[in-house]
Amino acid sequence: MPTFALIDGNSFYASCERVFRPDLAKTPIVVLSNNDGCVITRTREAKALGIRMGAPYFEVANLERKGLLTVFSSNYELYADMSRRMMDTIASLVPRFEVYSIDECFADLTGLTDDPTCLGQRIRARVEQWVGLPTCVGIGPSKTLAKFSNHLAKRHGKLSGVLDWGSLSPERQTKALASEPAAEVWGIGRRLAEQLAGMGIDSALDLARADPALIRRRFGVVVERVVRELNGTSCLTLEDVAPPRQQLVRSRSFGQLIHERDALAAALAHHTAQAAADLRAQGSIAGLIGVQLHTHRFRAQDAQYHACDWQALPVASCDTLALTRAALALLDKLYRKGFSYKKVGVLLGELLTGAARQADWLAPETDPARQALLGALDTVNHRYGRGTLRLGAEAIGHGWQMRREHASPCYTTRFDQLPTVS
DNA sequence: TCTGGGGTCCTAGGACCC
DNA sequence: TCTGGGGTCCTAGGACCC
């Protein structure tokens, strides 16, 4: 029987901030979405203040003004680097693992002779000591039960952050499933939870006891797998090699509404440059490029315009210049004067990676001089920070930058922002 | 006044083919 | 009156995840 562990960081983004701000160890913290829009991470203390997940910033600004809450703009450069350190540390203790998201990973503990709970505690202790981040570990015979155990480990302080499903008696397992709503189960979102409730399936236990054949007919194979996994039959495997991405999207809302084509073009050129760099970092080329343009969807009084168009690239490419040219041409097709724009984005599709890319014998070799130029671009931007070297197109318009009024330094990735010892 | 961004998978239905 | 049965590919939409 397989054994999976799910390890995830507690209030991950906020915990990353705390590593460099020990003065905030016990205080309520929230981290905001891009553009300081809404709350996406809350510490336990912030939850205790009654702050909702997804609450718009203005709802919590009051608490901040009174000094009851510390607010951070999201700093993905910092979180991504802390994530890498956390994953490297976990890799030093488990034979195989899968990075599932920025703050969590699955590990395969099948066949290990160690007691799973002890191993879970070792993982927690090492991540805490080496990286400074608090984690919880859930262990079970399926990924879904590992997730569920992790959820229980978070909820019940008595468990000291680790729960092995296999260590519970059948009676305790039944009680645990009965104590949580079906919506807490991985793979059951709001819509499915509503439909399940209509069938009298309210708790995780109800779901575990549902007839898989009936569930399959009503909801398809995905939910059927959830039911089987809840009963300890593993249907999902550990994917330790990440499949290459199939598409890449890069878009941001603006800090303020934009009317002029040039400002849109500057923002779009910026997103395209970032997307092209991401593409090169994973060794892919794109065959298709798209641009999307949006007005502010929450401003009902404004005329709305939402447009998107695609263009096949003559040659699949990861070249910043070629992609930017194509993106700007699409923008000029889509742009209509007179609207107040809130967001622009670039989409790259038909990505080819690795072997698939080699097999594309129709694609001519990229010009070596151009390759050297792109290599230099990536090297400089990696060493001195993204955006150090960029195209002129990014600089022709202003006013589109994100709002990030509570940004912390990139303590670990920029020389000029290293933490100093006082 | 203020409400993010980036992914994946599955299914149903239509076009088309033999 | 009768008017098959599969396949594949593509797209749109819906659901989920973090």
Side-chain angles (χ1 to χ4, degrees), chain A residues 6-13 30-41 51-62 64-65 71-76 79-80 83 98-106 143-144 147 150-151 182-196 215-226 229 235-236 239 242-257 267 271 274-275 278-279 282 288 290 292 294 296-302 308 310 340 342-351 402-406:
Chain A
L6 178 83
I7 303 115
D8 80 340
N10 305 344
S11 311
F12 185 73
Y13 298 164
V30 298
V31 179
L32 302 176
S33 64
N34 280 323
N35 230 13
D36 291 348
C38 54
V39 172
I40 56 169
T41 306
I51 297 170
R52 292 180 301 120
M53 188 67 172
Y57 170 52
F58 68 87
E59 282 184 20
V60 303
N62 227 348
E64 185 195 15
R65 263 195 303 278
V71 176
F72 287 99
S73 302
S74 42
N75 182 348
Y76 287 102
Y79 310 150
S83 170
E98 168 195 347
V99 175
Y100 177 68
S101 73
I102 193 165
D103 74 328
E104 60 190 302
C105 65
F106 286 102
K143 281 182 160 181
T144 303
K147 266 274 203 190
N150 179 286
H151 171 71
E184 275 309 331
V185 175
W186 187 40
I188 306 301
R190 223 190 58 224
R191 297 300 176 106
L192 280 170
E194 278 169 20
Q195 294 179 52
L196 289 167
I215 293 292
R216 182 185 191 124
R217 274 199 306 281
R218 275 288 307 264
F219 304 106
V221 292
V222 178
V223 186
E224 183 200 6
R225 274 202 290 259
V226 172
E229 287 237 323
C235 306
L236 304 168
E239 321 234 341
R245 237 187 254 321
Q246 296 175 38
Q247 59 168 7
L248 206 156
V249 177
R250 183 99 193 176
S251 70
R252 291 283 183 279
S253 297
F254 309 127
Q256 57 194 80
L257 293 174
H271 299 332
Q274 301 293 323
D278 289 347
L279 207 55
Q282 64 163 35
L288 196 61
Q292 50 181 35
H294 299 282
H296 198 320
R297 62 195 164 115
F298 292 119
R299 286 174 63 106
Q301 71 274 29
D302 282 9
C308 178
W310 293 89
S340 305
K342 179 65 175 170
K343 182 157 116 175
V344 69
V346 65
L347 310 92
L348 301 177
E350 288 180 1
L351 302 194
M402 273 199 296
R403 204 164 37 237
R404 285 185 79 213
E405 286 169 7
H406 306 81

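Sequence lines set the chain letters: A, B, ... in the order given, protein chains first and strands last, and positions in each chain run from 1. Only this structure's heavy atoms are used, side chains among them; waters, hydrogens and symmetry mates stay out.
In this entry the distance linking CG of A/L236 with P of C/dC16 reads 16 Å, nearest Å. At whole-Å resolution of the value, CD in A/E184 and C1' in C/dC17 are 14 Å apart. With rounding to whole Å, A/D8 atom CG is found 13 Å from C/dC17 atom C1'. Here the C1' atom of nucleotide C/dC18 and the CD atom of A/E98 are 13 Å apart, to the nearest Å.
Side-chain atoms of A/D278 never come within 3.5 Å of backbone atoms of A/L248 as a donor-acceptor pair (strictly under, hydrogens ignored). Between the side chain of A/N35 and the backbone N or O of A/F254, at least one donor-acceptor pair lies under 3.5 Å. Side chain of A/R404 to backbone of A/N34: no donor-acceptor contact under 3.5 angstrom is found. A donor-acceptor contact shorter than 3.5 Å links the side chain of A/R403 to the backbone of A/G255. A/S74 contributes a side-chain N or O that, together with a main-chain N or O of A/L32, makes up a donor-acceptor pair within less than 3.5 Å. The backbone N or O of A/L236 lies less than 3.5 Å from a partner atom in the side chain of A/E229, making a donor-acceptor pair. For the pair A/S33 (side chain) and A/I40 (backbone), a donor-acceptor distance under 3.5 Å is absent. Here the side chain of A/D103 pairs no donor or acceptor atom with the backbone of A/F12 at under 3.5 angstrom. Listed for the A/S83 side chain is a donor-acceptor partner under 3.5 Å among the backbone atoms of A/I102. The closest donor-acceptor contact from the side chain of A/E98 to the backbone of A/E239 lies under 3.5 Å.
Residue-level contact check: A/L32 touches neither bases nor backbone, having no heavy atom under 4.0 Å from any strand. When heavy atoms are screened at a 4.0 angstrom cut-off, A/Y100 is found touching the sugar-phosphate backbone but no base atom.
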Can you build the contact string for nucleotides 1-8 of chain B? Use B for base contact, S for sugar-phosphate-only contact, and - for no protein heavy atom under 4.0 Å. -BBBSSSB
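The heavy-atom pair separating A/R250 from A/R252 by the smallest distance is NH2-NH2, 3.5 Å.
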Could you run down the sub-3.5 Å N/O contacts of the protein with nucleotides 9-15 of chain C?
residue : atom : partner : partner atom : Å
C/dA15  : OP2  : A/R191  : NH1          : 3.2

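Taking atom P in both C/dC18 and B/dT3, the straight-line distance is 25 Å, to the nearest Å.
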Under the rule of Watson-Crick or G-U wobble with both distances under 3.5 Å, where | means paired to another strand and [ ] a crossing pair, DNA chain B maps to ....||||||||||||||
